[in-house]
Amino acid sequence: MRKLFFLCIVVLLVIACANIGSPDGGPYDETPPRVLTSMPENQAVNANRKKINIRFNEYIKIENASEKVVVSPPQVEMPSVRAVGKHVRIELFDSLQPNTTYTIDFADAIVDNNEGNPMGNYTFSFSTGPVIDTMEVSGYVLNAENLEPIKGVLVGLYALGQDSALHDSVFRTRPFDRVSRTNGSGRFVIKGVAPNLQYRAFALQDMDGNFTFSQKNERLASDTAIFKVFCRQDFRLDTIWRDSTHYDSIHPVRYTHFFPDDIVLRAFMEEGQERHLLKTQRDVPEKFTVFFTAPSDSLPIIQGLNFEGNGDFILERSEKSDTITYWIPDTLLSYADTLSFNYSFQETDTLGQLVWHTEPLDLVPKTTRAKQLKDIAKKTEEWETEQKKKRKKYPNLPPEDNPYLTTFLTADLKPAGGIAPNQIPILTFSEPTSLPDNTVLRLQLKVDSLWEPEPFDFTPIEGNPRQYRIIADWEPGSQYRLEIDSASVTSALGHINKPFKQDIRVRREEEFGTLFVHVILPDTAVIVQLLNGSDKPVATERANNDGRAEFYYVRPGTYYLRCFIDANGDGIWTTGDYDAGIPPEETFYFPQPLNVKALWELNQDWSPRSIPLMRQKPTKITKQKPDKEKQIKQRNQERAASKGK
């Protein structure tokens, strides 16, 4: 009996050991960090400590401190902000200003060390005088050209003097009085602002860290409006959530509402950016390209060192001449191992002025003429071997020319496929050509089954010796054909063309819709742009005196609208000039997409000033998305749900 008892005990122990589960370690920590003490105390007055220590109830860390933590007034020498165990330690290196409120805005950068639970927006402040300022100012910074929110740009305030004036030079000579930084929505909140003073707001993409507008390549915004700060008691509706999809209740919460809270700063970069030679590129012997950091009205000058004169290059340049390709028609020059010359161009000097500068250049092609000939020989050998195999199998084949011994000029016509009756196709050659006459190019219209000659204009595109416009009276629903005879066009490099033939189908009117936009901006010159889903213009029209812009032959689809006030009448959006007091031209977006249907006429009234700028640009075409809000991870709830399955 005793043996049987002990045997049962052993069996039970074995079973128990076989079913031991791993402990889950208890519930996850879902409590955000909490401040216990600080030295000095938060919102202390008459404090003059440059070293600040904040103690928390658990181990913490600071995420993206360089991006999120902002000290105001701005510090010329970068302060030290670091997490050490359960402490945040800040050291200020600039001298403390008397009777000044200092704020250290951590935003949502503080999280606990283990689970990453966010503390939420946290700001520590103290005053070196007997009073601490607690007012706030908020708003948005948008790109002036396309109303994109700008993330990470500085926004600052200058307090006006007793004469209620602020000289514009202060933006160039003195750091901001108060400062903040925008988030992913372009929104800023400036804290520690004093009441009973008048202010002006500025934005700055500070490239050199001096908190002043000191470089041409710094994006800036300047608001001429003068304002005072004030506050009032308000309430908002807060939702108590049971889980991610269900809520328990909604109740009002009282809070202090600070004003102004809707400042909009339109940031821009001035024209006349610093111009320097960025790089040169010579992939093949026949051409080389020079890249500059900014445009210029004057073309560079070439003086040959291993060739005579300027080389008689053929120039192909970008719209603003910041990229220039030089074609080399002289084969003796292009086939040389090195191209050596003095290159004179306009460059920005240390005083910010454009001056002529000369730089010697030695350009060697990545693929030399010797390498080209070697490749031709290799391909020719492979081609001849293939020809021998074909003729052995098919002795009566007609002779063929070696395709690798001749370089042909090629052509390409865009757009391909169907075009709208108001479109202008572009013919692009692979190399520069002189303007062929209409006897070389033929445009024909298909009538029944026959092709009949059709009149057209063949015009070059300025700055590009390879491109030409094909202008004709395109008949909706008709088919055309553009032909170029073989060897009828010779490039500047001496290459002849292959025969070219491409059909052009003009879409029927029934395939298009029409859009009429009435822009309500009285007594202003307005340019209206029809945009695609990538925020790119597909059509641009100038509104008439009644504010009406007409878009014909619009392909069915979803579009967006943008307009700008063409203050200088040049038909293009123009940036601002801070020193001259010229703001950038005003831009507006229609806040909703427009659906254009075939055979439909869509009329749309639009009052651009009726909606605040920060709410105008549709989310679907806004590239800068809001920052993802940090939330406490519901890991206990997730674990309970997984156990219940």
Side-chain angles (χ1 to χ4, degrees), residues 139-158 160 165-174 176 179 182 186 188 199-208 210-227 262-275 293-297 319-320 322 348 351-354 519 521 523-529 535 537 540 542 562-589 608-609 612-614 616-617 624:
Y140 295 83
V141 178
L142 307 176
N143 186 313
E145 183 176 8
N146 57 21
L147 300 193
E148 277 285 314
I150 302 180
K151 180 179 179 179
V153 67
L154 293 176
V155 184
L157 300 181
Y158 288 111
L160 277 63
L166 184 72
H167 197 277
D168 286 339
S169 64
V170 69
F171 193 27
R172 290 189 175 277
T173 58
R174 179 163 64 85
F176 300 122
V179 71
T182 57
F188 65 88
Y199 295 94
R200 277 182 60 190
F202 294 77
L204 179 66
Q205 205 160 32
D206 193 13
M207 304 301 292
D208 51 12
N210 63 359
F211 299 97
T212 60
F213 176 43
S214 55
Q215 297 183 19
K216 276 278 189 181
N217 62 343
E218 292 180 327
R219 196 183 301 271
L220 73 141
S222 170
D223 190 359
T224 57
I226 297 173
F227 59 86
D262 56 356
I263 295 172
V264 175
L265 297 172
R266 300 184 301 120
F268 61 94
M269 192 176 290
E270 294 182 332
E271 286 187 346
Q273 297 301 306
E274 290 193 3
R275 190 174 197 260
T293 58
S296 172
D297 294 332
E319 182 181 356
K320 296 185 176 181
D322 50 4
T348 306
L351 299 177
Q353 303 297 318
L354 279 176
V519 184
L521 284 171
D523 303 321
T524 52
V526 178
I527 303 293
V528 184
Q529 296 175 318
D535 199 25
T540 300
R542 180 179 292 275
R562 174 172 66 204
C563 76
F564 62 89
I565 296 177
D566 189 22
N568 61 3
D570 63 355
I572 59 174
W573 182 84
T574 305
T575 189
D577 186 321
Y578 177 73
D579 290 332
I582 301 173
E585 291 180 339
E586 291 184 83
T587 298
F588 306 93
Y589 275 76
R609 297 194 190 279
L613 279 183
M614 63 279 196
Q616 289 191 8
K617 189 165 188 178
Q624 174 61 56

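Below, each value reflects all heavy atoms present in this structure, side chains not excepted, and no hydrogens, waters or symmetry copies. Everything quoted here is computed from the prediction, not taken from an experiment. Counting begins at 1 with the first residue of the sequence.
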Verify the distance criterion only: is there a donor paired with an acceptor across the side chains of R174 and S169 at less than 3.5 Å?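 On atom types as modelled, these side chains do not qualify, holding no pair under 3.5 Å.
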Just by distance, with hydrogens left out, do S214 and D208 show a side-chain donor and acceptor under 3.5 Å apart?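 S214 vs D208: donor-acceptor pair found between side chains.
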Centroid-to-centroid, [X] to [Y], below 6.0 Å?
X: F176; Y: F211; result: no
X: F588; Y: F564; result: no
X: F188; Y: Y140; result: no
X: Y199; Y: Y158; result: no

Between atom [atom1] of [X] and atom [atom2] of [Y], what is the distance when rounded to the nearest 0.5 Å?
X: I150; Y: Q624; atom1: CD1; atom2: CD; value: 9.0 Å
X: N210; Y: Q215; atom1: CG; atom2: CD; value: 7.5 Å
X: Q273; Y: T293; atom1: CD; atom2: OG1; value: 8.5 Å

Considering only heavy atoms from C-beta outward, does the side chain of [X] approach that of [Y] to under 4.5 Å?
X: L613; Y: L147; answer: yes
X: N146; Y: K617; answer: yes
X: L142; Y: E148; answer: no
X: E218; Y: D206; answer: yes
X: L521; Y: P608; answer: yes

Nearest non-hydrogen partners of [X] and [Y], listed with the distance:
X: V141; Y: A267; result: CG1-CB, 4.0 Å
X: R275; Y: A294; result: NE-O, 2.8 Å
X: F227; Y: A201; result: CE2-N, 4.0 Å

Evaluate the criterion side chain to side chain contact (heavy atoms under 4.5 Å, CB included) for residue pair L265 and V155; output intermediate values, then yes/no. CA-CA 9 Å; L265 297 172; V155 184; 3.7 Å; yes
Please answer whether the main-chain N or O of [Y] pairs with a side-chain N or O of [X] as donor and acceptor at a distance below 3.5 Å.
X: S222; Y: F202; result: no
X: T575; Y: P584; result: no
X: T574; Y: E585; result: no
X: T524; Y: I565; result: no

What pairs of residues pass the salt bridge (charged side-chain N to carboxylate O under 4.0 Å, His left out) test when at least one of them lies in residues 563-583, not counting sequence neighbours?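 For residues 563-583: R172-D579, R542-D566.
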So which pairs with a foot in residues 262-272 pass salt bridge (charged side-chain N to carboxylate O under 4.0 Å, His left out), sequence neighbours left out?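 Applying salt bridge (charged side-chain N to carboxylate O under 4.0 Å, His left out) to every pair that reaches into residues 262-272, excluding sequence neighbours, yields K216-E270.
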Does the side chain to side chain contact (heavy atoms under 4.5 Å, CB included) test come out yes or no for R219 and L204, once each step is laid out? CA-CA 6 Å; R219 196 183 301 271; L204 179 66; over 6 Å; no
In plain terms, say whether E145 and R562 are close enough for a salt bridge, that is, a side-chain N and a carboxylate O under 4.0 Å apart.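 Looking at E145 and R562, the cut-off is not met.
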Chi angles and distances behind the side chain to side chain contact (heavy atoms under 4.5 Å, CB included) call for W573, I527: CA-CA 9 Å; W573 182 84; I527 303 293; over 6 Å; no
Mind checking whether Y578 and F171 have parallel, tilted or perpendicular rings, split at 30° and 60°?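 If you compare the ring of Y578 with that of F171, the planes turn out perpendicular.
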Please report the C-alpha distance between L354 and T348 in whole Å, then the side-chain angles of each, then the deciding distance to 0.1 Å, and finally whether the side chain to side chain contact (heavy atoms under 4.5 Å, CB included) criterion is met. CA-CA 4 Å; L354 279 176; T348 306; 3.8 Å; yes
